[in-house]
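Below you will find the structure I want to go over with you.
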Amino acid sequence: MPDLSWLYDLLAQALPLPSLQARFMQQALLALLLLAPMTAVMGIIVVNFRMAFYAEAISHSAFTGVALGMLLAISPDWTMPLFGLAVGLGITAAQRHSDLAGDTVIGVFFSAMIAFGLAMVSRDRSLARDMQRFLYGDILTISENEIWALFLLLILVMIFLACAYNRLLYVGINSTLARTHRVRVPPLQYAFSGLLALLVMFAVQAIGVLLVTALLVVPAASARNFSRSAGAMFWWALLISISSAILGLIVSAQDWARTATGATIILFTCAWFACSLFLNRMRRNR
């Protein structure tokens, strides 16, 4: 892989803070700058599609994917995204070929993944200690190989959204109407579900299973309150997600804070959401 030292140095010069001079902090910052735009834009579609529970189910499948990899002596870096991708596509297929409500299908998969993961961990108690990193996340331990994987995923997501963003919003509004206008709904849904599953798996490493859905939903929900059009919502989501990622990383590294990076990032997104609710209330009063 090409050397990224020049990029780390550029980030250190752009944000000349003492807490960002360590190389692992620069790697964490770069990873968050790659991850935040993806979660912001994909989060808009998650909110419009009402897929927050879907993202929650995918994130919890990471728990099972990691446990499966450890039991089979395979790197979780492979088993976690592959298992998450399989679960995501399986949920989409089951929703399309079942008369049950979408949240019911997701609930079945959610329960099965959690039970399967707990069953595997119960066979080997030593796995419980290793699982904590994925439950709470640790962006400070991200490697250069994972950063390059984020680069690749960012390219895939941006190409997909450039080709399908408007059609995805159309499907989110009314899938039946979209079909009548010759929008190929099933391929769009499968492609979006697969990319979202991969994104959630990478986000789990940054902020953990317990908070990954918030990184998708809260910036998009805040952006909806701030904006009055789909275009404005896009830019607001980017601003909220990126600013929260940077501020969360910086604040968590301070001696007076010493908080978990993922939790601190989500707290900043929630602060944005509180501001958006206040602004929305003022608009309604007018």
| Do any pairs count as a salt bridge (Lys or Arg N to Asp or Glu O under 4.0 Å) and have a residue in residues 6-34, sequence neighbours left out, and if so which ones? | Asp9-Arg23

| task | State the CD1-CG distance between Ile242 and Leu247, to the nearest 0.5 angstrom. | result | 11.5 Å

| said: For Phe273, is there any backbone N or O sitting under 3.5 Å from a side-chain donor or acceptor partner on Ser276? | reply: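 Confirmed, Ser276 side chain pairs with Phe273 backbone.
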
| task | Could you grab the distance from atom CH2 of Trp6 to atom CG of Leu4, nearest 0.5 Å is fine? | result |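 Reported to 0.5 Å precision, the distance equals 7.5 Å.
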
| task | Check step by step if side chain to side chain contact (heavy atoms under 4.5 Å, CB included) holds for Phe83 and Met201. | result | CA-CA 9 Å; Phe83 190 77; Met201 292 299 103; over 6 Å; no

| request: Given side chain to side chain contact (heavy atoms under 4.5 Å, CB included), test Leu267 with Val251 step by step and report yes or no. | output: CA-CA 11 Å; Leu267 287 175; Val251 170; over 6 Å; no

| request: Taking ring pair (Phe, Tyr, Trp, His ring centres under 6.0 Å) as the test, write out the residues that go with Phe24, two or more places apart. | output: none

| Main-chain N/O of Val46 paired with Tyr54 side-chain donor or acceptor, under 3.5 Å |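 Answer holds: no.
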
| query | At what distance, to the nearest 0.5 angstrom, does OG of Ser241 lie from CD1 of Ile246? | reply |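 One gets 10.0 Å once the value is rounded to the nearest 0.5 Å.
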
| Pairwise distance CD(Gln21) to CG(Leu15) - rounded to 0.5 angstrom | 9.5 Å

| message | Could you measure the distance from the CG atom of Leu215 to the CE atom of Met38? Nearest 0.5 Å is fine. | response |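 The CG atom of Leu215 sits 10.0 Å away from the CE atom of Met38.
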
| said: Rounded at 0.5 Å granularity, tell me how far CD1 in Ile91 sits from CZ in Phe110. | reply: 10.0 Å

| After noting the C-alpha distance and the side-chain angles of Leu196 and Leu216, does the key distance pass the side chain to side chain contact (heavy atoms under 4.5 Å, CB included) rule? | CA-CA 10 Å; Leu196 180 60; Leu216 288 164; 4.0 Å; yes

| Over all atoms of both residues, closest heavy-atom pair of Leu11 and Leu33 |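 Taking every non-hydrogen atom into account, CD2-CD1, 3.8 Å.
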
| request: Kindly determine whether Ser252 and Thr264 satisfy side-chain hydrogen bond (donor to acceptor under 3.5 Å, both in side chains), including the steps that lead there. | output: CA-CA 6 Å; Ser252 66; Thr264 311; 4.8 Å; no

| Nearest heavy-atom pair of Ala237 and Ile44: which atoms, and what distance? | CB-CD1, 3.9 Å

| said: Under the side-chain contact (heavy atoms from CB on, under 4.5 Å) test against Tyr8, which residue among Leu29, Leu20, Leu30 passes? | reply: Leu30

| request: Determine, step by step, whether Phe202 and Leu34 satisfy the side chain to side chain contact (heavy atoms under 4.5 Å, CB included) criterion, reporting the C-alpha distance in whole Å, the side-chain angles of both residues, the deciding distance to 0.1 Å, and the verdict. | output: CA-CA 11 Å; Phe202 280 102; Leu34 294 171; over 6 Å; no

| Okay, side chain of Thr261, backbone of Leu249: is any donor-acceptor separation there less than 3.5 Å? | no

| task | Identify the two heavy atoms, one from Val200 and one from Val212, that lie closest to each other, and give their separation to 0.1 Å. | result | O-CG2, 3.9 Å

Under 3.5 Å, sequence neighbours excluded: what are the donor-acceptor pairs made by side chains of residues 150-161?
none

| Side-chain donor-acceptor contact under 3.5 Å, Glu56 with Thr213 | yes

| Which class fits the ring pair Trp236 and Trp272: parallel under 30°, tilted 30 to 60°, perpendicular over 60°? |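 Trp236 vs Trp272 ring planes: perpendicular.
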
